[in-house]
Amino acid sequence: MSSGNVIAALQVALPADRIRLGAEIGERHHTDWTRMDPQCPRALLLPRATEEVSTMLRICHAYGQPVVPQGGLTGLVGGAHPQAQEVALSLERMNAIGEVDCSGGTITVEAGAILENVQQAALAADFVCGLDIGARGSCTLGGNIATNAGGNHVVRYGMARDNVLGLEVVLADGSIVSSLNKMIKNNSGYDLKHLFIGSEGTLGVITRAVLKLHPQSRSTQCALLALPGLDAALQVLRQAKAHLGGGLSAFEVMWPSFYHFVTRLPGVDSPLSGDHGLYLLLEAQGSDEAQDAERFEQLLSGWLEQGLLEDAALAQSVEDRKRFWHLRDAVAEFPVFLPKRSTFDVSFPLDGMAQAIAQIEHKAEANWPGCTRLYFGHLGDNNLHIVIDVPGTQGAYAESIEELVYDCVGALQGAVSAEHGIGRKKRQHLGRSRSLEEITLMHTLKRALDPLGILNPGKVL
Ligand SMILES: Cc1cc2nc3c(=O)[nH]c(=O)nc-3n(C[C@H](O)[C@H](O)[C@H](O)COP(=O)(O)OP(=O)(O)OC[C@H]3O[C@@H](n4cnc5c(N)ncnc54)[C@H](O)[C@@H]3O)c2cc1C
């Protein structure tokens, strides 16, 4: 069938308010957080139920019409970015938060639910949702699962993948695969949810999910630490994991260039004085305020004695803790202060991290003397964020900077995407982190689940 009639077929099959065309489509659906090349999609579909998603995909499949799934549009790699001939399918109206199962510790939600609302529902039932990212107020659970989102507390609760027990997905041809498992143990054949987690809307549209919830912690210990360098940080990480057990909840490392840059921004102060080799925001959670505080302070004293720390500021109040996190979260200001910067979300094996930074430092300085280089990341998860900005060049060297960083990632067996996914932006770099055999298998899976290639074409592969 020609794709010319697809809009008419959708209009016949669905209530009128499920389809928007032309100027009715809000500009926010033209691109994602990357703001890359905005394009008005051919149509915007707004289903209210899984069956409607199924009808939409069945019709699009019959007409060979490409479809771009959209969640909260906070993605940082252009995964939800539409082309003019594509149809955008937004899950935003499917945002119901269903049952919290207090005995099993699970919550069942629709894919368009905003992450922050899921977190609130979990808290109201005296649980914690393990997922937390900076975009919590706008991103959707479906988008989080489709990108296998990470965030600040991966070291304690794992990535999105580790928090999903069950999924309901609509395949490219409209078939509904409902696998809303609530059990931890279920080895009954292939665990199909893992195919869709992190598949960035290329293998199916996620419509509902069952998340594992965690007991609420009763105490939080937080400190901002100054260390001599990366070796010390790796020793501190090993000891923190051993002594705080599963309680270690954040291990955010900031290199001096980052620390000094953000503490010069308006409204961000430095709780530590002097110059140090590395800065660490450390957080631990537990169930007994007095005991946890004592153990945490003992650990810090031990590290000071071992020479692993040069200075420490311990949060004495919730305000202190917010102040420390404000420093780390100042990255949200980068678009204002470094509008033409190149940013990277990559991973390195921990034993290659120092070499990676040294290589990037050396090459960046050689190519663009005096350029801004900022490094920070969730070190406990191998994740390094890099910002490079060559002042006064309006981003003219963006491509060369990308080559420089991804060359280094490839050479040191790192990952070109740590947590944001591949989307459209990193597609040409996938081969630096995945072998030919891995990519061939990805294509085989894609062909099996979406033989016409209508789901999110031009993304990932
Ligand atoms: C300020 C800020 C902070 C961030 N911090 C983090 C962080 O700490 N860790 C992290 O991992 N990411 C982070 N991100 C990136 C982003 O928030 C995540 O990628 C998030 O998971 C995307 O969710 P979304 O609903 O906005 O998805 P969208 O941007 O709408 O879509 C992302 C991808 O998922 C697909 N998709 C969306 N919904 C569905 C669905 N229901 N079914 C199938 N596919 C779907 C889209 O096609 C696209 O490929 C941050 C972004 C911002 C702006």
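For this chain, numbers begin at 1 and follow the sequence in order. Counting starts at 1 for both ligands and their atoms, in listed order. These numbers were taken from a predicted model, which means no experiment stands behind them.
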For this session: May I ask you to check whether Thr147 has an N/O atom sitting below 3.5 Å from an N/O atom of ligand 1?
Result: yes
Exercise. Heavy atom under 4.0 Å from ligand 1: found in Leu91's side chain, backbone, both, or neither?
Worked result: side chain
For this session: Begin with the C-alpha distance, continue with both residues' side-chain angles, and end with the deciding distance and a verdict on ring-ring contact (aromatic ring centres under 6.0 Å, His included) for His378 and His385.
Result: CA-CA 8 Å; His378 320 289; His385 293 299; 5.4 Å; yes
Exercise. Would you call Gly150 a ligand 1 contact, heavy-atom distance under 4.0 Å?
Worked result: yes
For this session: Please say which of Gln65, Gln85, Glu86 ends up in a side-chain hydrogen bond (donor to acceptor under 3.5 Å, both in side chains) with Arg42.
Result: Gln65
For this session: To the nearest 0.5 Å, tell me how far Asn148 CG sits from His194 NE2.
Result: 9.5 Å
Exercise. Quick one: do Asp101 and Lys182 make a salt bridge, cutoff under 4.0 Å?
Worked result: yes
Problem set entry | Salt bridge Lys212-Asp162, side-chain N to carboxylate O under 4.0 Å | no
Exercise. For ligand 1, is there an N or O atom under 3.5 Å from any N or O atom of Glu419?
Worked result: yes
For this session: Report yes if some N/O of Ile206 lies less than 3.5 Å from some N/O of ligand 1; otherwise report no.
Result: yes
Exercise. Do any nitrogen or oxygen atoms of Cys139 lie less than 3.5 angstrom from nitrogen or oxygen atoms of ligand 1?
Worked result: no
Exercise. If we only count N/O pairs under 3.5 Å, is Glu200 in contact with ligand 1?
Worked result: yes
Exercise. Is Glu24 atom CD crowded by more than 12 heavy atoms from other residues, nucleotides or ligands, each under 6.0 Å away?
Worked result: yes
Problem set entry | More than 12 heavy atoms of other groups within 6.0 Å of Tyr397 OH | no
Problem set entry | Arg373 atom CZ: more than 12 heavy-atom contacts under 6.0 Å | yes
Exercise. Quick one: does Gly204 get a heavy atom under 4.0 Å from ligand 1?
Worked result: yes
Exercise. Looking at atom 6 (C) of ligand 1, what's its closest protein heavy atom, distance included?
Worked result: Ile133 CB, 3.7 Å
Problem set entry | Ring-face cation of Arg35 near Trp33 (centre distance under 6.0 Å, axis angle within 45°) | yes
Problem set entry | Any N or O of Asp32 closer than 3.5 Å to N or O of ligand 1 | no
Exercise. Looking only at protein heavy atoms, which one is nearest to atom 24 (P) of ligand 1, and how far off is it?
Worked result: Gly72 N, 3.4 Å
Exercise. Between Arg48 and Glu110, is the closest basic N to carboxylate O distance under 4.0 Å?
Worked result: no
Seminar exercise, completed: Given the options Glu92, His29, Arg28, Gln70 meets side-chain hydrogen bond (donor to acceptor under 3.5 Å, both in side chains) only with His29
Exercise. With a cut-off of 4.0 Å, which atoms of ligand 1 are near a heavy atom of Gly201?
Worked result: 43 (C), 44 (N)
Seminar exercise, completed: the protein heavy atom lying closest to atom 27 (O) of ligand 1 turns out to be Gly143 CA, 3.5 Å
Exercise. Do NZ/NE/NH1/NH2 and the carboxylate oxygens of Glu283 and Arg321 come within less than 4.0 Å?
Worked result: yes
Problem set entry | Residue Ala149 vicinity, atoms of ligand 1 by number, heavy atom under 4.0 Å | 11 (O), 21 (O)
Problem set entry | Part of Lys459 within contact of ligand 1 (heavy atoms, under 4.0 Å) | neither
Seminar exercise, completed: Atoms of ligand 1 under 4.0 Å from any heavy atom of Trp33, numbered from 1 in the order shown, are 53 (C)
Exercise. Is the shortest N/O to N/O distance between Val68 and ligand 1 below 3.5 Å?
Worked result: no
Problem set entry | Atom indices of ligand 1 within 4.0 angstrom of Gly134 heavy atoms, with elements | 3 (C), 5 (N)
Problem set entry | Nearest non-hydrogen protein atom, atom 31 (O) of ligand 1 | Ala80 CB, 3.7 Å
Exercise. Is the Tyr259 to Tyr279 ring centre distance short of 6.0 Å?
Worked result: yes
Exercise. Do Ser433 and Tyr406 have side-chain atoms, one donor and one acceptor, less than 3.5 Å apart?
Worked result: no
Exercise. Is Lys459 salt-bridged to Glu200, going by a charged N under 4.0 Å from an acidic O?
Worked result: no
Problem set entry | Contact partition for Asn456 relative to ligand 1, non-hydrogen atoms under 4.0 Å | side chain
Problem set entry | Backbone N/O of Val154 and side chain of Asp381: donor-acceptor pair under 3.5 Å | no
For this session: Compare Gly75, Pro69, Ala135 and give the one whose heavy atom is closest to atom 46 (C) of ligand 1.
Result: Pro69
For this session: Give the numbers and elements of all ligand 1 atoms closer than 4.0 Å to a heavy atom of Leu73.
Result: 24 (P), 26 (O), 28 (P), 29 (O), 30 (O)
Exercise. What protein heavy atom is closest to atom 45 (C) of ligand 1, reported as residue, atom name and distance in Å?
Worked result: Ala146 CB, 3.4 Å
Exercise. How far is atom 50 (C) of ligand 1 from its nearest protein heavy atom, and which residue and atom is that?
Worked result: Leu76 CD1, 3.7 Å
Problem set entry | Distance from atom 22 (C) of ligand 1 to nearest protein heavy atom, with residue and atom | Thr74 OG1, 3.4 Å
Exercise. Taking N or O atoms only and a 3.5 Å limit, does Asn152 qualify as a polar contact for ligand 1?
Worked result: no
Exercise. Please state which protein non-hydrogen atom is closest to atom 48 (C) of ligand 1 and give its distance, to 0.1 Å?
Worked result: Gly79 C, 3.4 Å
Exercise. To which of Met94, His420, His153 does the heavy atom nearest atom 13 (C) of ligand 1 belong?
Worked result: His420
